[in-house]
Amino acid sequence: MRSMRPIWLFRSARAHPFRPATTVLNEHARVIEGMLHLAEPIERGRNIRLRGEDGFVGDIIVKAGDIIRPAAIGALISLGVEEVEVKQRPRFALLPTGDELQDNCGESARVYDANGPMIAASLRYAGIDGSLLPPAPDDEDFLRNHVAELVAIEEADIVVTTGGISAGSRDIIPRLIEEQGGSIHFHGIAMRPGKPVLFATLADGRPFFGLPGNPVAALVGSRFFVQHAVRMMLGLDEEIGETVEPIGNVRPGITTFSKIFRSNGYSGQDAIKILPGQQSLRLRPLLMANAWIRTSADLSGRVTSEIYQLYGRIV
Ligand SMILES: Nc1nc2c(c(=O)[nH]1)N[C@H]1C(S)=C(S)[C@@H](COP(=O)(O)OP(=O)(O)OC[C@H]3O[C@@H](n4cnc5c(N)ncnc54)[C@H](O)[C@@H]3O)O[C@H]1N2
Ligand code: MOO
């Protein structure tokens, strides 16, 4: 024995009135004939948790504008903070429209409502919940009632339709939104897919998005317009894509979103493959895609490209 100073041994270091200098694991200590045998060297402070080790007075644990993710909940509670003021995530209400649409997949020559479940799922994936309504026919009187009911859903902080916004005689969503007291801010944008996308504010100020009927155009609208609006409503920063060497479909004055597969090439360099089947009705290439590339060409010929996650995640 090297030291003649007395030591106190306790079986458990938990909540003991003395602050132990160190601990030795139970399974590494044996008392044999009154002698303590240790299977590991003693090291000061081993397995000792000091009070306040995970945060000091004056530390900022979460700051205004942060998203309360699970770790923030744990950290706040561990430090005794039980309540914080938060902004509630906005909720959506989504109405697919179109005479040709059929709610459930079955034997029929009609078009199955792919947009409703897909857009609702994409918003939920991004962290926003809400309600999906059954598809509404675009007969004027029917649709007027459906749009009135949609706008009347009080729990919805953001209101979305798909279809019925291009130039056909049945594309009456813009008119019906105005009839409901909405103000249209833009209808049509220089982008592909999603050219006819519409943004309005309803009479009470809630945002409204009319997404195009073509499924990929609807998904792009939800991914880049609806999600952007939600970020703004939550006071979050604008999403910024990762700038890469310009690649993709370059049309002067137009922004294109292309489905891509991104992988590490043989030389360790990023390989970006623009997938075949970029038309806005073609959903299946999305199953192969793992990102979007946004390519914008201004009228002077300057081209920029950024990569965005396929679905995105807000909260
Ligand atoms: N004269 C013009 N015609 C079109 C234009 C234009 O600028 N001028 N734009 C084209 C573009 S681009 C798009 S995108 C479409 C969008 O039109 P709508 O929003 O009115 O959509 P619909 O005509 O109702 O549908 C288009 C297409 O998508 C199918 N669809 C619709 N909803 C669903 C759904 N819930 N699930 C699955 N598929 C759906 C629908 O059957 C049509 O085939 O307008 C172009 N025309
Ligand atoms: O916006 Mo439309 O997407 O090209 O079919």
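As the structure lists them, so they are numbered: ligands from 1, and atoms in each ligand from 1. In what follows, every heavy atom counts, from backbone to side chain, and hydrogens, waters and symmetry copies are set aside.
The side-chain heavy atoms of Phe208 and Thr161, taken from C-beta on, include a pair separated by under 4.5 Å. Residues Ile165 and His187 have side chains in contact (heavy-atom distance under 4.5 Å, counting atoms from C-beta outward). Side-chain contact between Val147 and Gln180 is present, with heavy atoms from C-beta onward closer than 4.5 Å.
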Could you pull out the N/O contacts under 3.5 angstrom between ligand 1 and the surrounding protein atoms?
{"residue": "ligand 1", "atom": "7 (O)", "partner": "Lys195", "partner atom": "NZ", "Å": "2.9"}
{"residue": "ligand 1", "atom": "17 (O)", "partner": "Ser166", "partner atom": "OG", "Å": "3.2"}
{"residue": "ligand 1", "atom": "19 (O)", "partner": "Gly164", "partner atom": "N", "Å": "3.4"}
{"residue": "ligand 1", "atom": "19 (O)", "partner": "Ile165", "partner atom": "N", "Å": "3.4"}
{"residue": "ligand 1", "atom": "19 (O)", "partner": "Gly213", "partner atom": "N", "Å": "2.9"}
{"residue": "ligand 1", "atom": "20 (O)", "partner": "Gly164", "partner atom": "N", "Å": "3.1"}
{"residue": "ligand 1", "atom": "20 (O)", "partner": "Ile165", "partner atom": "N", "Å": "3.0"}
{"residue": "ligand 1", "atom": "20 (O)", "partner": "Ser166", "partner atom": "N", "Å": "3.1"}
{"residue": "ligand 1", "atom": "20 (O)", "partner": "Ser166", "partner atom": "OG", "Å": "3.1"}
{"residue": "ligand 1", "atom": "20 (O)", "partner": "Asp171", "partner atom": "OD1", "Å": "3.1"}
{"residue": "ligand 1", "atom": "21 (O)", "partner": "Gly213", "partner atom": "N", "Å": "3.2"}
{"residue": "ligand 1", "atom": "24 (O)", "partner": "Gly164", "partner atom": "N", "Å": "3.4"}
{"residue": "ligand 1", "atom": "28 (O)", "partner": "Gly213", "partner atom": "O", "Å": "3.3"}
{"residue": "ligand 1", "atom": "28 (O)", "partner": "Asn214", "partner atom": "N", "Å": "3.4"}
{"residue": "ligand 1", "atom": "28 (O)", "partner": "Asn214", "partner atom": "OD1", "Å": "3.3"}
{"residue": "ligand 1", "atom": "30 (N)", "partner": "Gly213", "partner atom": "O", "Å": "3.3"}
{"residue": "ligand 1", "atom": "35 (N)", "partner": "Asp113", "partner atom": "OD1", "Å": "2.8"}
{"residue": "ligand 1", "atom": "35 (N)", "partner": "Asn115", "partner atom": "ND2", "Å": "3.4"}
{"residue": "ligand 1", "atom": "36 (N)", "partner": "Tyr112", "partner atom": "O", "Å": "3.4"}
{"residue": "ligand 1", "atom": "36 (N)", "partner": "Ala114", "partner atom": "N", "Å": "3.0"}
{"residue": "ligand 1", "atom": "36 (N)", "partner": "Asn115", "partner atom": "N", "Å": "3.2"}
{"residue": "ligand 1", "atom": "41 (O)", "partner": "Glu100", "partner atom": "OE2", "Å": "2.7"}
{"residue": "ligand 1", "atom": "44 (O)", "partner": "Ser166", "partner atom": "OG", "Å": "3.3"}

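Taking both residues in full, the closest heavy atoms of Thr22 and Ile42 are given as CG2-CG2, 3.6 Å, listed atom of the first, atom of the second, then distance.
Annotation for ligand 2: atoms under 4.0 Å from non-hydrogen atoms of Pro196 are 1 (O). The atoms of ligand 2 that sit less than 4.0 Å from any heavy atom of Ala217 are 1 (O), 3 (O). Each of the atoms 5 (O) of ligand 2 lies under 4.0 Å from some heavy atom of Asn214. Annotation for ligand 2: atoms under 4.0 Å from non-hydrogen atoms of Lys195 are 1 (O).
Less than 6.0 angstrom separates the ring centroid of Phe224 from the ring centroid of Phe257.
Taking a cutoff of 4.0 Å between a charged side-chain nitrogen and a carboxylate oxygen, Arg144 and Glu179 qualify as a salt bridge. A salt bridge links Glu242 and Arg262; the closest N-O separation between the charged side-chain nitrogens and carboxylate oxygens is under 4.0 Å. The pair Glu306-Arg294 counts as a salt bridge, with a side-chain nitrogen and a carboxylate oxygen less than 4.0 angstrom apart.
An N or O contact shorter than 3.5 Å is missing between Arg192 and ligand 2 by distance.
Side-chain contact, Thr295 with Thr256: no donor N or O sits under 3.5 Å from an acceptor N or O. If you check the side chains of Ser166 and Asp171, you find a donor sitting under 3.5 Å from an acceptor.
Judged by the shortest distance from any of its heavy atoms, Gly194 lies inside the 4.0 Å radius around the atoms of ligand 2.
Contact annotation: for Pro193 versus ligand 2, heavy atoms closer than 4.0 Å belong to both the backbone and the side chain.
Considering only non-hydrogen protein atoms, atom 2 (Mo) of ligand 2 sits nearest to Ser280 OG, 3.7 Å.
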